[in-house]
Amino acid sequence: LHQQKNDESKTVFIIDDFHWTVRNSDEFMNSLTAFLSKEECKNRFMIILASNAIGWVENTFVSKIGRNAFAISGFLKLRPMSFLDMVCFYDTNDTKKCMDVYGIAGGNPGYWNCFNIKSDIKENVCKLFLEKNAVFSTEGLDRINDELRELSVYATILAALAEGREKLNDLYEHTGFSRAKISVYLKNLMALELVEKVFSYETADNRNSKKGVYRICDPLVQFWYHYIFPHYED
């Protein structure tokens, strides 16, 4: 990189899905840290490492890169955007259509880009989920494919949750998997923030609170496993 000595401009360098490189190369972070430590590079660069592998970043990343972790200035976890953000995103007064889209896509603006707010929800679903090579035709499997093994087991559990089998015992009776196995798989899905454990509220005391109730917390994953997965072969 060549710069004039009096050039005080700064550069932002974004590496998307960086986790694949770090997982497969022990030298990547060493080289990146060494580059940033050069005198001519100090205070001139901001490098953003972006990833959707939430569980891996939170639990494994720092230990994986060792002392290179000291070069990280901070972590920023992006949360789902709000319904109001969606209305502003589409710049429309048709809040009903926005409600339909938000009910499927949730707060992910990357998904919003795929929906046509001028079309009705049926047209959107047919185009995005059902047509050959549609952008979301395999999205439910894609969301777990990169991080988990035994996809058929996870898909079975997610499909059961999408159908309303929300208790551990319900999942046990439906899938035939052991309770211990289901608990481990649910924990892995929770680490990916696809599933959450929920509790009832406004009860007199904890005796009336449901124990061990789970649900899919990603709207598009919920939609996919409820409507697409059971008919996937069709």
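All residue numbers refer to positions in the sequence shown, counting from 1.
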Examine the side chains of Asn124 and Ser119 and answer whether a donor and an acceptor come within less than 3.5 Å of each other.
no

Quick check against the 3.5 Å criterion: does Tyr225 have a side-chain atom that pairs as donor or acceptor with the backbone of Gly140?
yes

Nearest 0.5 Å, please: how far is OG in Ser73 from CE in Met46?
6.0 Å

More than 12 foreign heavy atoms under 6.0 Å from CZ of Phe28: is that the case here?
yes

Assert yes or no for the condition that the ring centre distance of Phe177 to Tyr172 is strictly below 6.0 Å.
no

In terms of heavy-atom contacts, Ser137 and Ile228 come closest through O-CG2, 4.3 Å

Contact check, side chains of Ile182 and Leu168, non-hydrogen atoms, under 4.5 Å
yes

Are Thr33 and Arg67 close enough that some pair of their side-chain heavy atoms sits under 4.5 Å apart?
no

When you measure from the side chain of Ser25 to the backbone N and O of Val22, does any donor-acceptor pair fall under 3.5 Å?
no

I need the minimum non-hydrogen distance between Pro219 and Gly106, along with the two atoms involved.
CG-CA, 3.6 Å

With a 4.5 Å cut-off on side-chain heavy atoms, are Ile144 and Leu158 touching?
yes

Do the charged groups of Glu147 and Arg23 touch, with an N to O distance under 4.0 Å?
yes

Should Lys122 and Cys126 count as side-chain neighbours, where that means a heavy-atom distance under 4.5 Å?
yes

Taking Lys77 first and then Glu193, would you say they form a salt bridge - that is, a charged N and a carboxylate O separated by under 4.0 Å?
yes

Side-chain donor/acceptor of Ser183 to backbone N/O of Arg179, under 3.5 Å
yes

Look only at the side chain of Lys97 and the backbone of Lys118, and say whether a donor-acceptor pair between them is shorter than 3.5 Å.
yes

Test of ring centre spacing under 6.0 Å for Phe223 and Phe229:
no

Can you find a pair of side-chain heavy atoms, one from Ile15 and one from Ile48, that are under 4.5 Å apart?
no

May I ask you to check whether Trp224 and Phe129 place their ring centers less than 6.0 Å from one another?
no

When you compare the side chain of Glu166 with that of Tyr214, does any pair of heavy atoms fall below 4.5 Å?
no

For Asp85, all residues meeting salt bridge (Lys or Arg N to Asp or Glu O under 4.0 Å), sequence neighbours excluded
none

Is any NZ, NE, NH1 or NH2 atom of the basic residue among Asp26 and Lys64 found under 4.0 Å from an Asp or Glu carboxylate oxygen of the other?
yes

Between Asp218 and Gln222, is any side-chain donor less than 3.5 angstrom from a side-chain acceptor?
no

Under 4.5 Å between any side-chain heavy atoms of Leu49 and Met29, yes or no?
yes

Residue pair Leu192 / Asn188, side-chain heavy-atom distance below 4.5 Å:
no

Can any side-chain N or O of Asn145 pair as donor or acceptor with the backbone N or O of Leu141 at less than 3.5 Å?
no

Does Ser63 use its side chain to pair, donor to acceptor, with the backbone of Thr60 at less than 3.5 Å?
yes

Among Phe89, Tyr102, Tyr90, Trp112, which residue satisfies the ring pair (Phe, Tyr, Trp, His ring centres under 6.0 Å) criterion with Phe83?
Tyr102

With a sphere of 6.0 Å drawn around CG of Asp120, does it hold more than 12 non-hydrogen atoms of other residues, nucleotides or ligands?
yes

Parallel, tilted or perpendicular: ring planes of Phe45 versus Phe35, cut at 30 and 60 degrees:
perpendicular

Of all heavy-atom pairs linking Asn108 and Gly110, the shortest is OD1-N, 2.8 Å

Answer with yes or no whether the side chains of Tyr111 and Glu139 bring together a donor and an acceptor at under 3.5 Å.
yes

